[in-house]
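Data first, discussion second: the structure below is written as structure tokens.
Whatever order the structure lists ligands and atoms in, that order sets their numbers, starting from 1.
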Amino acid sequence: MSSSFCSPVVAGLVPYVPGEQPNIDKLVKLNTNENPYPPSPWVVSAITEAARHGLQFYPDPESSALRQAIAAHLGLAAPQVFLGNGSDEVLAHAFFAFFQHGCPLLMPDISYSFYQVYCRLYSIAVQTVALADGLRLQVADYACAPDLSVAGVVLANPNAPTGIGLPLADIEALLQMHPQRVVLVDEAYVDFGGQSAIGLIAAYPNLLVVHTLSKSRSLAGLRIGYACGQPPLIEALERVKNSFNSYPLDRLAIAGGIAAFADQAYFEQTRNAVMSSREGLALALEDLGFVVLPSQANFLFAQHPAHDAAALAADLRALGVLVRHFKLARIAQYLRISVGTPTQCDRLVQVLQALLQAGA
Ligand SMILES: *Cc1c(COP(=O)(O)O)cnc(C)c1O
């Protein structure tokens with residue numbers, strides 16, 4: 001319970017609970033969708049270099065050099081890119097900027113759980129839309145007239161924690177359904193095989209696409225995320241950011257981020273390795289009797305018809321393998337398993353095999 005020192009709103013907050021980051025040796029950590037590979041060596045050199053010069057000075061409040069690098073990488077102009085301290089911060093600013101209209105924000109019932117946390121924080125009403133059979137999103141379910149009776153739409157594509165991707169035509173249908181509201185597409189996992197909506201930005205003033213360097217660029221520890229959209233949306237995000245923190249990205253993050261986009265070969269190599277491990281792991285899990293949803297992300301969402309997911313997660317943990325389990329009723333029988341290195345995936349399969357045989 002919050003003390004009498006707190007603003008009343010504090011008692012009503014429902015904070016996000018991240019996957020655990022235990023300090024245990026030799027743990028096979030497949031619970032938070034981090035990249036199993038370290039970042040490009042170019043990133044480490046750039047950060048080391050940046051640490052030698054200028055830490056006594058504030059960083060560039062606009063992170064202009066990184067912004068330019070990202071814009072060039074995506075074929076956009078710098079005024080179409082907004083940077084933040086991880087995409088979670090970018091998302092928070094976007095919710096504040098675009099969804100406080102006094103009517104509900106539409107989102108899938110099964111999605112990234114931080115979205116509901118921001119809605120609490122900013123008193124945004126939520127209307128969840130149930131995913132259809134097979135935990136697939138059906139865009140027709142998001143049609144509701146008149147447009148101004150909803151605050152907007154937010155979804156992850158590929159979705160979390162299902163890993164299922166939506167085709168671009170579906171994103172376009174959503175944008176056309178709600179032309180007066182922002183449709184926020186969180187593409188945290190898009191580099192692992194999804195279709196990006198970046199190419200739709202020129203045609204749709206209501207589209208905001210959010211990316212992170214935490215997953216496909218192996219930089220969860222550096223905290224860099226960004227949003228892309230037409231300049232009026234980006235300017236709105238700048239107003240919010242400059243009313244909150246002038247310097248969300250520090251000098252090391254800016255330097256490391258630029259280097260991450262420079263080393264395209266390393267990016268291709270590591271994401272291809274993750275995607276290839278994903279396919280192998282899916283087959284191995286199916287051999288063990290799991291039903292695995294088709295994933296376009298760096299994780300698998302899998303269910304075993306004969307074994308309780310929470311019990312499996314606990315047993316795996318006791319044997320040094322961490323996976324994620326969500327208590328939410330509709331997905332309580334699923335495990336979300338981040339794709340690791342081939343060695344980590346083999347270890348998981350080995351331990352699972354032993355557990356299933358023991359009749360756990
Ligand atoms: C991991 C994740 C994020 C957060 O990324 P950060 O940039 O590390 O804050 C945002 N959205 C989804 C769907 C994610 O899975």
Side-chain angles (χ1 to χ4, degrees), residues 15-21 29-36 39 43 63 66 70 81-96 99 105 107-119 121 131 135 137 153-166 171 183-197 208-228 237 241 244-245 248-250 253-254 256-257 260-261 271 274 278 293 295-301 323-324 326 328 331 334 336-339:
Y16 178 73
V17 183
E20 59 176 329
Q21 299 285 1
K29 193 172 178 305
L30 305 176
N31 67 329
T32 50
N33 295 347
E34 288 142 331
N35 201 302
V43 170
S63 305
L66 176 56
I70 292 171
V81 177
F82 171 80
L83 279 158
N85 190 256
S87 62
D88 286 338
E89 184 183 85
V90 173
L91 289 167
H93 289 338
F95 276 57
F96 188 89
F99 297 143
L105 173 65
M107 68 178 78
D109 63 336
I110 307 297
S111 194
Y112 185 41
S113 52
F114 225 138
Y115 303 150
Q116 301 246 15
V117 175
Y118 300 130
C119 288
L121 179 62
L131 292 178
L135 301 182
L137 189 152
V153 180
V154 60
L155 73 157
N157 187 33
N159 197 10
T162 65
I164 297 175
L166 272 188
I171 299 295
V183 175
L184 193 165
V185 184
D186 180 352
E187 296 187 340
Y189 299 104
V190 76
D191 291 331
F192 300 105
Q195 291 186 8
S196 177
L208 192 74
V209 180
V210 175
H211 285 181
T212 176
L213 277 68
S214 295
K215 314 282 166 53
S216 60
R217 306 231 174 223
S218 305
L219 287 173
L222 205 57
R223 312 306 303 134
I224 307 174
Y226 59 92
C228 303
L237 291 170
K241 170 250 176 191
F244 184 83
N245 179 0
L249 269 71
D250 61 57
I254 293 170
F261 281 98
R271 74 142 162 197
V274 168
R278 175 183 72 206
L293 296 186
S295 170
Q296 294 184 306
N298 68 338
F299 57 85
L300 294 170
F301 208 45
V323 300
R324 192 91 199 258
F326 298 94
L328 207 61
I331 53 171
Y334 283 88
R336 193 199 65 189
I337 303 167
S338 309
V339 175

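Given atom 12 (C) of ligand 1, the protein heavy atom at minimum distance is Asp186 OD2, 3.4 Å. Shortest contact from atom 2 (C) of ligand 1 to any protein heavy atom: Lys215 NZ, 2.5 Å. For atom 15 (O) of ligand 1, the closest non-hydrogen atom on the protein side is Tyr189 OH, 2.5 Å.
Formation of a donor-acceptor pair under 3.5 Å by the Glu187 side chain with backbone atoms of Ala197 is found in this model.
Against a heavy-atom cut-off of under 4.0 Å, Gly86 is close to the following atoms of ligand 1: 7 (O), 9 (O). Close approach of ligand 1 to Ser214 (heavy-atom distance below 4.0 Å) involves ligand atoms 6 (P), 7 (O), 8 (O).
Between Phe299 and Tyr189, the distance from one ring center to the other falls under 6.0 angstrom. The distance between the ring centers of Phe99 and Tyr115 does not fall below 6.0 angstrom.
Distances shorter than 4.0 angstrom do not occur between any heavy atom of Gly225 and any atom of ligand 1.
At under 3.5 Å, a nitrogen or oxygen of Thr212, whether backbone or side chain, sits near a nitrogen or oxygen of ligand 1. Polar contact with ligand 1: present for Arg223 (N/O pair, distance under 3.5 Å).
Under the 30°/60° scheme for interplanar angles, the aromatic rings of His93 and Phe244 are found to stand perpendicular. Using cut-offs of 30° and 60° for the angle between ring planes, the His211 and Tyr226 rings count as perpendicular.
With a 4.0 Å heavy-atom cut-off, ligand 1 is reached by no atom of Phe114. Both the backbone and the side chain of Asp88 come within 4.0 Å of ligand 1, judged by heavy-atom distances. The parts of Ser87 lying near ligand 1 are both backbone and side chain, judged by heavy-atom distances below 4.0 Å.
The only option from Tyr118, Phe326, Tyr16 that meets the ring-ring contact (aromatic ring centres under 6.0 Å, His included) definition with Tyr112 turns out to be Tyr16.
Partners of Glu34 by salt bridge (Lys or Arg N to Asp or Glu O under 4.0 Å), not counting sequence neighbours, listed by chain and number: Lys29.
For the pair Arg217 and Phe261, the cation-pi criterion (under 6.0 Å, within 45° of the ring axis) is fulfilled.
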